[in-house]
4 protein chains.
Amino acid sequence: MAVFTRKGFGEATVADIASEAGVAVGTIYNYYRDKHDLLISLIARSLLSANLSEILGATEATSDKKIIESLIEDRLEFGLANGQRFLFLFFEIQRNSKLRRQYLSQVVAPIISRIENLLQSGIKKNSFRPTDIKIISRALAGMIIGVMILRGLEQKDSPFKKSRSKEITKELTNFTLYGLVKK
Amino acid sequence: MAVFTRKGFGEATVADIASEAGVAVGTIYNYYRDKHDLLISLIARSLLSANLSEILGATEATSDKKIIESLIEDRLEFGLANGQRFLFLFFEIQRNSKLRRQYLSQVVAPIISRIENLLQSGIKKNSFRPTDIKIISRALAGMIIGVMILRGLEQKDSPFKKSRSKEITKELTNFTLYGLVKK
Amino acid sequence: MAVFTRKGFGEATVADIASEAGVAVGTIYNYYRDKHDLLISLIARSLLSANLSEILGATEATSDKKIIESLIEDRLEFGLANGQRFLFLFFEIQRNSKLRRQYLSQVVAPIISRIENLLQSGIKKNSFRPTDIKIISRALAGMIIGVMILRGLEQKDSPFKKSRSKEITKELTNFTLYGLVKK
Amino acid sequence: MAVFTRKGFGEATVADIASEAGVAVGTIYNYYRDKHDLLISLIARSLLSANLSEILGATEATSDKKIIESLIEDRLEFGLANGQRFLFLFFEIQRNSKLRRQYLSQVVAPIISRIENLLQSGIKKNSFRPTDIKIISRALAGMIIGVMILRGLEQKDSPFKKSRSKEITKELTNFTLYGLVKK
DNA sequence: TATGAATGAGTTTTCATTCAT
DNA sequence: CATGAATGAAAACTCATTCAT
């Protein structure tokens with residue numbers, strides 16, 4: 001995965017990958033049909049690695065703020081852990097329809113749906129402003145994704161460092177809850 | 001660009017591209033040094049939209065809300081116009097250091113910097129909550145980027161349709177300004 | 001074809017073939033999908049090379065002896081011209097069902113059928129002994145095939161030399177007509 | 001042998017063969033030096049049928065007809081038993097000089113020589129027409145080989161079925177002795 | 001200036017063979 | 001003595017690039 005991420009699918013050679021993995025070229029072909037199958041398998045594996053279930057399963061008892069905070073924190077950490085990989089993953093997921101369906105149904109849909117529930121109940125409780133739930137849920141999910149991508153692009157210049165993880169989570173949570181404007 | 005976007009750099013063949021462009025393979029080499037030069041030239045061309053400079057140059061007289069709205073609207077339209085291309089652009093930009101420097105200095109930095117100014121002055125005027133400007137500026141830029149990517153992934157199921165462009169801009173602007181919580 | 005015949009399909013390398021043909025490896029792939037397609041195309045081409053039509057179209061006016069003689073002579077010359085190729089052709093034809101169907105319908109069936117007609121009319125005219133036409137037609141066709149194969153196997157030791165072509169044809173024709181036993 | 005016959009030497013993989021034989025790949029290498037040695041050993045084993053020696057050793061007392069009949073019958077049965085294998089055997093024998101020498105000296109030469117003796121003595125006894133012994137012996141041996149090959153090619157459509165073995169032998173014997181022409 | 005066939009370097013892929021278990 | 005995973009040499013195949021037309 002490191003090689004694919006660094007070079008892209010077409011530019012990563014099987015020899016590169018074998019060498020990075022410390023095995024012979026032929027060994028790879030004992031486990032994967034071909035180079036593409038290798039990529040798909042690797043992606044499928046990293047897709048499901050997150051401990052999403054905890055967050056998604058959080059009880060109603062937990063405060064809205066806590067849930068949003070956990071979500072941001074979890075995805076932020078996933079992003080930090082996956083670093084450069086992020087864009088590559090998205091790009092390949094987008095191009096492979098089977099992978100896309102899997103990712104949409106197993107990762108995107110549950111998260112979006114969880115956020116929608118959150119918004120819905122918040123609005124019903126009159127604690128959240130009435131908004132277009134479908135759009136705002138994507139805005140929140142998108143914000144996390146976009147922040148990770150900017151981090152990858154800016155690299156050394158980015159303010160998104162692991163060390164500041166707590167603070168970033170706090171800021172993003174507050175931004176999400178209160179926006180820019182002072183009450 | 002359509003072929004690069006659909007297949008990725010390594011998998012797009014010069015023959016594909018020539019055929020899509022309706023010219024012979026050899027003709028491409030009369031205009032571009034090599035395949036990589038072709039990609040770089042194409043990307044460099046799509047980086048900047050005409051409107052961006054106007055928005056970035058907007059006078060202080062314009063209201064904060066208007067500026068945010070214009071920015072969201074412009075990038076949203078860029079994203080809708082570039083569709084699937086979005087991720088590919090980011091991915092290739094990330095991998096090509098010359099391109100990355102160019103993109104960071106010509107697109108990301110001005111936008112981020114404009115947003116930072118906006119936040120700074122808003123906070124000074126006491127109309128915005130005091131926040132970590134570096135983080136929140138990335139949150140806003142990231143939100144727009146992430147929203148475009150989700151749109152590309154979800155495709156038919158996404159609520160981000162061209163037809164609803166006005167409404168989406170409004171929702172995102174309000175979310176940015178006021179957050180989720182009701183005052 | 002020379003390389004395939006000399007080495008067999010699996011042992012002939014595309015580099016060998018390209019070098020023997022005096023072109024680059026890549027050039028072969030501009031004309032044939034893959035190595036197997038190359039073989040099939042070559043075989044299909046040599047299958048239909050014979051001037052069978054003349055013999056098969058011979059009028060009834062020609063004497064039975066003349067027809068048999070022409071047939072033996074033609075296939076004998078085809079065999080001498082194709083030399084070692086003979087067995088390889090048969091082997092590959094046998095293994096490729098499309099090729100087999102083509103060979104059976106375009107070469108074997110017409111020849112067998114012509115021989116059957118010949119036998120039938122000869123028996124009716126009472127000039128030929130009554131025999132099982134289906135078996136004897138194969139015996140005659142098979143004799144020619146087998147003789148060619150023995151020639152390929154025995155190589156230097158075989159009595160089937162080009163120089164003796166006329167005499168061989170005469171002997172085989174007489175054997176076919178009169179058998180071993182003296183009247 | 002089944003795998004070699006079905007696929008050809010180069011296309012048969014040792015894994016195929018091991019799997020068909022119900023052993024592990026490594027086991028094969030405990031008994032044969034390499035893949036080629038395996039093939040040579042298998043072919044050498046199938047070359048000789050038990051009956052051949054009896055026929056070849058038949059005393060002068062046996063009638064010419066009986067000898068020819070036995071020979072045809074034996075090789076016919078060998079062909080029926082070896083089916084598709086036939087062509088493959090010939091092809092590989094042709095290509096392997098050691099194998100070719102062995103086959104020529106142990107199978108072809110004795111049969112041809114036996115037939116030549118038969119013809120010679122028949123001609124001397126004035127019961128056979130005077131013919132070119134070298135050619136006619138090959139015609140007879142070739143007929144049997146060719147008939148087997150046609151049978152393999154035609155498969156379902158061929159009149160050479162096991163069930164008709166007796167009749168086929170009779171027809172071929174009569175054809176050999178008396179030819180087509182009625183006395 | 002456009003073309004596209006030829007090229008061959010660079011990759012992917014295969015699979016006979018080895019050898020530790 | 002059997003096993004089968006690992007190996008890497010050798011082969012198939014791809015395709016960016018060239019260049020004569």
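In the text below, chain A, chain B and the rest are named by the order of the sequence lines, each starting its count at 1.
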- Query: Rounded to the nearest Å, what distance is computed from the CD1 atom of residue B:I28 to the P atom of nucleotide F:dC15?
  - Reply: 15 Å

- Message: Within the 4.0 Å heavy-atom criterion, would you say B:Y31 contacts the bases, only the backbone, or no part of the nucleic acid?
- Response: sugar-phosphate

- Task: Give the dot-bracket string for DNA chain F, reading 5' to 3', where a pair is Watson-Crick or G-U wobble with both distances under 3.5 Å, ( ) marks pairs inside the strand, [ ] marks pairs crossing earlier ones, | marks a partner on another strand, and . marks unpaired.
- Result: .||||||||||||||||||||

- Task: Can you tell me the distance, in whole Å, between the OH atom of C:Y32 and the P atom of F:dT14?
- Result: 16 Å

- Starting from the 5' end of DNA chain F, give me the residue, D:A24 or B:D34, whose nearest nucleotide shows up first. D:A24

- Under a 4.0 Å N-O cut-off, is there an ion pair linking C:R6 with C:E20? yes

- Please answer whether the main-chain N or O of A:E154 pairs with a side-chain N or O of A:S158 as donor and acceptor at a distance below 3.5 Å. no

- Using whole Å, report how far CZ of C:F9 lies from P of F:dA11. 14 Å

- Note on the structure: Tightest non-hydrogen contact, residues D:R100 and D:I93, listed as CB-O, 3.2 Å

- Message: Please report the distance, rounded to the nearest Å, between CG in D:L39 and P in E:dC15.
- Response: 17 Å

- Lys NZ or Arg CZ of B:R95 over B:F91 ring: under 6.0 Å, within 45°: yes

- Task: Report the distance from atom NE2 of A:H36 to atom C1' of E:dT12, rounded to the nearest whole Å.
- Result: 14 Å

- Cation-aromatic face contact B:R75/B:F78, 6.0 Å, 45 degrees: yes

- Of all the heavy-atom pairs spanning D:A12 and D:V3, show the shortest one and how long it is. CB-CG1, 3.7 Å

- N or O in side chain of D:N30 less than 4.0 angstrom from F:dA2 OP1/OP2: yes

- Message: In whole Å, I'd like the distance from the NZ atom of C:K7 to the C1' atom of F:dA10.
- Response: 13 Å

- What's the CG-P distance between B:D16 and F:dT14, to the nearest Å? 13 Å

- Message: By nearest heavy atom, map C:K35 and B:T13 onto DNA chain F; which one lands nearer the 5' end?
- Response: C:K35

- Message: Once you apply a heavy-atom cut-off of 4.0 Å, does B:V25 come out as touching a base, just sugar-phosphate, or nothing?
- Response: base

- Looking across every strand, which nucleic acid part, if any, lies under 4.0 Å from D:A12 by heavy atom: base, sugar-phosphate, or nothing? sugar-phosphate

- Task: Could you tell me the separation between the CD atom of A:E11 and the P atom of F:dA16, rounded to a whole number of Å?
- Result: 11 Å

- Message: In terms of relative ring orientation, are C:F4 and C:F88 parallel, tilted or perpendicular, with 30° and 60° separating the classes?
- Response: parallel

- Task: Between D:G10 and C:G22, just flag the one whose closest nucleotide in DNA chain E comes earlier from the 5' side.
- Result: C:G22

- A:Y29 side chain near E:dT13 phosphate (N/O to OP1/OP2, under 4.0 Å): yes

